[in-house]
Amino acid sequence: MARRSSRTDLRAAGAGLLVVVLLMLLIGDGKTVAKPSGPPNTLEVAWSYVTTGRALDARDVPPALDDEALAVPVGRSVRVLDPRSGRLLSTVNGFAEDSPDLGLSGGVLLLVDTQDHFKDTLRAYDPATGRELWHRRAAPGPDGKGAGDFAVGGVLMADWGPVVMESDRALALDPRTGAARWDVRLDTHCATPHPYLDDPYQIAATSTRLLLLRHCTDEAAQLQAVDESDGRPAWRKRLGRGELIHVSAVDGALGVRMDDEFRLLTESGEEILRQAGSGYPLGEEQGVVYAGIDQKLRAFRADTGKPAWNRARPLNGIPFMKDGLIVEDTNTDGSYSGDVRWSVGDAAGQGPGASTFVDLDGRRTASVPWPVAGTLLGASGELLVVRSEEAKGTRFTGLRPGHRAKDAARPVALGGSGPRHWPDACGLVDAGLLSELAPDYFALPEKQSRTMRGVRLPHPSVCRFATESGDDSDVFSVTVRWAAPDATAARTYAASAVPWGCAPSLGGCVTAEIEKPRSGAWLYTYRTGLESRPVAHATVVSGRYVLGVAAGEDEPAHQALVRRVALHLSERGGRRE
């Protein structure tokens, strides 16, 4: 028994030693459990939240987003969500719909109330509970007159806390109490005042600095940086004279635009680039400063100012940098920048929105589709947050970037469905239906539609149908807008891709009684072209496919044609899987 016990102990000890060795290898050898190389190439839905009311019109107050909260204005309240889970944290009531400012700063929610006896009042709330923490009324103007105006004087929503401009000083406020932590005296007197500006200062912030740009007409502009912890001067630069001067700042870098010249500086005030053109800083990581300059992505070493890459990368859309990753808001048919809901164009051909990712070495992914249409609000932690409009409210979707093995059969740009899943648009309409509509219909496939986001498809994704008689009133088209990964993704995208909130005053489309005759089918019209011509359209979910149907001008005959084809495609959905 003793001998058998010893063998057991030896085996146990050997097994334990093997486990320790394997753990040491896993910990010590990065190659053993190496993270996927390159930027993300897929986006998965982490959470989804729908609010009531419209929140996509440019005249509305946009939501505020940081790593701790997503604040969404809805009517006279603000709903605060946890951006990691989409869970509702609190609701703040009494928010004026025409308030000009809403933001997150130092872990608190800040609102500017413009209806408090005609005096601007800055109010701070705890995002977790919705409880008001403090409020502060705006001070009188530099001349001692008036009630003060936070909307014009400015409230800087820095990550480390709010900064307000009051009379001749800038005050850094404690975000939890509203008490002044420190202040900086400002020289607001100009020998030649600007004809349209009362205050000669612009303010911006990095993670450690408050930037104060002073610019008076006919005087040299000056840029001053103070430490965010105590307000002590860090450095000062004389920029020279210019007509139009603007400062922008991100963590680790700042940019100054002077007329037709752009300057890129480090957080310590070292100038690393000066050249003609436009630009903006994106951030700093591992001693490299990244910036968008003349629609190109460039990287510079912070210590020497020398390029970190041999050549610049072209930029798509307006990028931002988050946690060592550059995210581009790609200009695709299914996304729209800013707060304008739906651009003029062929709605039948719109596909999901998409983003492009660039890593620190400048490697770029193909365009990675979202499962919704909408506006990219920004990033919170590792998640991207997209806002899209639906029939009964506004959907906010958290998307988690990830990696999947490269697969030629499932290109990234198609959103998880390989080319073989994209059907022939000409084969979607049965011959029986065509003969019912007219005896002489024939199909006209659009050859160029066999390429979708740079990927070659086996069939055309757009097909026009016409009659031998050549009557334009009989022409209609069917478009495969997206072959989604599954039917749920198709329904989610389609519900957000109908132009619910078009606004004529913004140059967008004009909806005409969006109708849903059957689940998964939407009929609507919109105006397009220089003549603002109304066109009949439909969006249809057919299994995992999202289809568009379009006909001629918005006339009863065309509406009837679109309806008949749309319902036919909807009926066939269950038989295509």
Side-chain angles (χ1 to χ4, degrees), residues 46-47 49 51 55 60-97 99-114 120-136 150-151 153-165 171-179 181 203-211 228 248-251 283 320-323 327 338-339 375-387 394 396-398:
W47 54 263
Y49 182 88
T51 67
D60 293 339
V61 179
L65 175 68
D66 66 10
D67 287 344
E68 303 299 326
L70 167 61
V72 180
V74 180
R76 296 187 61 82
S77 68
V78 177
R79 298 184 184 181
V80 184
L81 309 180
D82 183 342
R84 291 159 293 197
S85 64
R87 180 175 62 89
L88 179 66
L89 295 176
S90 65
T91 300
V92 175
N93 296 312
F95 173 59
E97 293 186 61
S99 292
D101 283 306
L102 175 151
L104 296 159
S105 178
V108 302
L109 170 66
L110 295 170
L111 307 178
V112 175
D113 183 356
T114 62
D120 277 5
T121 301
L122 179 63
R123 301 184 183 275
Y125 298 85
D126 184 344
T129 64
R131 179 176 61 89
E132 183 174 330
L133 299 173
W134 52 268
H135 64 269
R136 183 187 187 94
F150 279 130
V155 179
L156 178 67
M157 309 285 187
D159 289 342
W160 36 266
V163 178
V164 298
M165 307 285 281
L171 284 81
L173 306 181
D174 184 290
R176 300 297 298 184
T177 67
R181 296 169 52 218
I203 56 176
T206 68
S207 58
T208 63
R209 299 281 189 267
L210 172 67
L211 288 311
E228 69 85 12
S248 57
V250 293
D251 287 353
F320 61 85
M321 187 169 173
K322 185 70 173 178
D323 295 336
V327 182
D339 295 310
T375 300
L376 178 62
L377 291 181
S380 178
E382 66 170 347
L383 300 183
L384 303 186
V385 179
V386 173
R387 177 183 60 185
T394 301
F396 293 83
T397 306

Subject >> Which atom of Leu109 lies closest to which atom of Pro127, heavy atoms considered >> reply: N-CG, 4.0 Å

**OP:** Take Phe396 and Leu65 through the side chain to side chain contact (heavy atoms under 4.5 Å, CB included) test and state the conclusion after the steps.
**Re:** CA-CA 12 Å; Phe396 293 83; Leu65 175 68; over 6 Å; no

Subject >> Nearest-0.5 Å distance that lies between atom CG in Leu383 and atom OG1 in Thr397 >> reply: 11.5 Å

Subject >> From CG (Asp159) to OG1 (Thr208), nearest 0.5 Å >> reply: 11.0 Å

**OP:** Measure across Leu102 and Ala64 and return the closest heavy-atom pair with its distance rounded to 0.1 Å.
**Re:** CD2-CB, 3.3 Å

Original post:
So do Thr394 and Val72 actually touch side chain to side chain, heavy atoms under 4.5 Å?
Top reply: no

**OP:** Could you give me the CA-CA distance, side-chain angles and deciding distance for Arg136 and Val155, then say whether side chain to side chain contact (heavy atoms under 4.5 Å, CB included) is met?
**Re:** CA-CA 12 Å; Arg136 183 187 187 94; Val155 179; over 6 Å; no

Subject >> Shortest non-hydrogen contact from Ala172 toward Trp160 >> reply: CB-CZ3, 4.4 Å

Subject >> Donor-acceptor contact below 3.5 Å, side chain Thr206 vs main chain Val250 >> reply: no

**OP:** Start with the C-alpha gap between Leu173 and Val164, add the side-chain angles, then the distance that decides, and say whether side chain to side chain contact (heavy atoms under 4.5 Å, CB included) holds.
**Re:** CA-CA 8 Å; Leu173 306 181; Val164 298; 4.1 Å; yes

**OP:** Mind listing the closest non-hydrogen atom pair of Pro62 and Arg387 along with its distance?
**Re:** CA-NH1, 4.3 Å

**OP:** Under the side chain to side chain donor-acceptor pair (under 3.5 Å) rule, collect the residues that match up with Ser248, sequence neighbours excluded.
**Re:** none

Original post:
Who are the side chain to side chain donor-acceptor pair (under 3.5 Å) partners of Asp251, not counting sequence neighbours?
Top reply: none

**OP:** Measure the CG-CZ distance between Leu110 and Arg123 for me, rounded to the nearest 0.5 Å.
**Re:** 12.0 Å

Original post:
Is the backbone of Pro175 close enough, under 3.5 Å, to the side chain of Arg181 for a donor and an acceptor to pair up by distance?
Top reply: no

Subject >> Spatial distance of atom OH (Tyr125) from atom CG (Asn93) [nearest 0.5 Å] >> reply: 9.0 Å

Subject >> Check: Leu384 and Leu376 side chains under 4.5 Å, non-hydrogen atoms >> reply: yes

Subject >> Asp67 versus Ser380, closest heavy-atom pair with distance >> reply: CA-OG, 3.3 Å

Can you give the donor-acceptor pairs under 3.5 Å from side chains of residues 77-85 to other protein atoms, not counting sequence neighbours?
unit_1: Ser77; atom_1: OG; unit_2: Val74; atom_2: O; d: 3.1
unit_1: Asp82; atom_1: OD1; unit_2: Arg84; atom_2: N; d: 2.9
unit_1: Asp82; atom_1: OD1; unit_2: Arg84; atom_2: NE; d: 3.0
unit_1: Ser85; atom_1: OG; unit_2: Arg87; atom_2: N; d: 3.3

Subject >> For the student: nearest non-hydrogen atoms of Asp126 and Ser90, plus distance >> reply: O-OG, 4.2 Å

